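Indexing begins at 1, ligand by ligand and atom by atom, following the structure's order. None of these values were measured; they are calculated from a predicted model. Sequence positions, counted from 1, serve as the residue numbers for this chain.
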Amino acid sequence: MGPPGAGKGTQAKRIIAKFDIPHISTGDMFREAIKEGTPLGKIAQSYINDGHLVPDDVTIGLVKERLSRDDCKKGYLLDGFPRTIPQAEALEKLTKEIDRPISYAIDIETPKAELIRRICGRRVCKVCGAPYHIETAKPKVDGICDICGGELVQRPDDNEEALTTRLSHYEESTKPLLVFYKNKGLLKTFDGMVGSDNLFVELCALLEGK
Ligand code: AMP
């Protein structure tokens with residue numbers, strides 16, 4: 001959990017590498033479908049580019065199929081899902097059915113001014129998805145991914161207008177989930193300003209049960 005720019009994707013990539021579990025990012029799945037021009041991609045594209053949420057029935061169906069696969073048996077990391085109360089309720093029902101309950105809802109808190117700075121300067125590798133920032137995480141060669149040599153691009157929804165819409169959806173639809181998970185005793189809150197490395201150490205301590 002956490003607004004756009006809180007660091008969910010960055011931490012998720014580090015966690016799945018360390019714990020060897022699948023990364024279930026609905027945003028990545030939608031972007032992949034758009035790139036491939038599938039029917040799902042065609043539905044998702046207009047919502048995503050304008051910063052709106054993709055309808056619940058589409059998103060829930062996607063996660064349902066993904067969580068039922070065998071590689072989720074040893075654990076999984078959800079990133080960007082659930083984002084609405086109906087999604088959280090559907091997730092609860094589904095995880096009961098397949099007996100793969102979630103252990104924690106991790107919330108990363110970050111002030112709004114910092115989110116805008118991070119998102120507007122964010123660049124991602126078109127090929128491997130590695131994250132960069134024009135000021136704070138520059139690649140060695142301008143515009144080129146250090147890891148795979150792919151081209152660095154700006155996500156179409158990483159502009160100030162779409163970000164304003166995304167932040168208002170976060171406030172209205174996603175923030176109520178913090179209370180939902182707090183009431184279930186699953187919410188763990190972290191400070192998104194401690195730096196990526198420090199945050200990763202704190203998250204690992206939680207996941208390793210320290
Ligand atoms: P993200 O990469 O998580 O920032 O997601 C990018 C965009 O994909 C969001 O702004 C939404 O348009 C869409 N999206 C991702 N996850 C969801 C979700 N759980 N529910 C609805 N829309 C989503």
query: Given that the side chain starts at C-beta and the backbone is N, CA, C, O, which of these parts of Val54 lies under 4.0 Å from ligand 1, counting heavy atoms, or is it both or neither?
result: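 Both parts.
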task: Under 4.0 Å from a heavy atom of Arg31: give me the atoms of ligand 1 that qualify, with their elements.
output: 2 (O), 6 (C)
field: Atoms in ligand 1 flagged as close to Thr59, the criterion being non-hydrogen separation under 4.0 Å
entry: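 Counting from 1, the qualifying ligand atoms are 18 (C), 19 (N), 20 (N), 21 (C).
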message: If you count heavy atoms of other groups shown closer than 6.0 angstrom to CG of Asn183, is the number above 12?
response: yes
- request: Ignoring hydrogens, just give me the one of Gly27, Gly9, Gly80 whose non-hydrogen atom is nearest atom 19 (N) of ligand 1.
  value: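 When every heavy atom of Gly27, Gly9, Gly80 is considered, Gly80 comes closest to atom 19 (N) of ligand 1.
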field: Arg14 NZ/CZ over Phe200 ring centroid, <6.0 Å and within 45° of normal
entry: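 Positive - Arg14 is close enough to the ring of Phe200 and near enough to its axis.
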field: Distance under 6.0 Å and angle within 45° of ring axis: Lys184 vs Phe180
entry: yes
Name the closest protein heavy atom to [atom], giving the residue it belongs to and the distance to 0.1 Å.
atom: atom 23 (C) of ligand 1; result: Phe30 CE1, 3.8 Å
atom: atom 12 (O) of ligand 1; result: His52 O, 2.5 Å
atom: atom 16 (N) of ligand 1; result: Thr26 OG1, 2.8 Å
atom: atom 8 (O) of ligand 1; result: Ile48 CD1, 3.5 Å
atom: atom 1 (P) of ligand 1; result: Arg83 NH2, 3.6 Å
atom: atom 4 (O) of ligand 1; result: Arg155 NH2, 3.1 Å
atom: atom 20 (N) of ligand 1; result: Gln87 NE2, 2.9 Å

Review item, side-chain donor-acceptor pairs of residues 100-112, under 3.5 Å, at least two apart:
from   : atom 1 : to    : atom 2 : distance (Å)
Arg100 : NH1    : Leu67 : O      : 2.7
Arg100 : NH1    : Arg69 : O      : 3.0

Side chain to side chain, Arg117 and Glu135, heavy atoms closer than 4.5 Å: yes
- request: For residues Ile144 and Glu151, determine if any side-chain heavy atom of one lies less than 4.5 Å from a side-chain heavy atom of the other.
  value: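 SC-SC contact between Ile144 and Glu151 ruled out.
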- request: Decide yes or no on salt bridge (charged side-chain N to carboxylate O under 4.0 Å, His left out) for Asp71 and Arg66, but give the supporting numbers first.
  value: CA-CA 9 Å; Asp71 64 346; Arg66 183 64 190 87; 2.7 Å; yes
field: Test: Asp79 and Lys13 ion pair at under 4.0 Å
entry: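 Salt bridge between Asp79 and Lys13, a charged N being under 4.0 Å from a carboxylate O: no.
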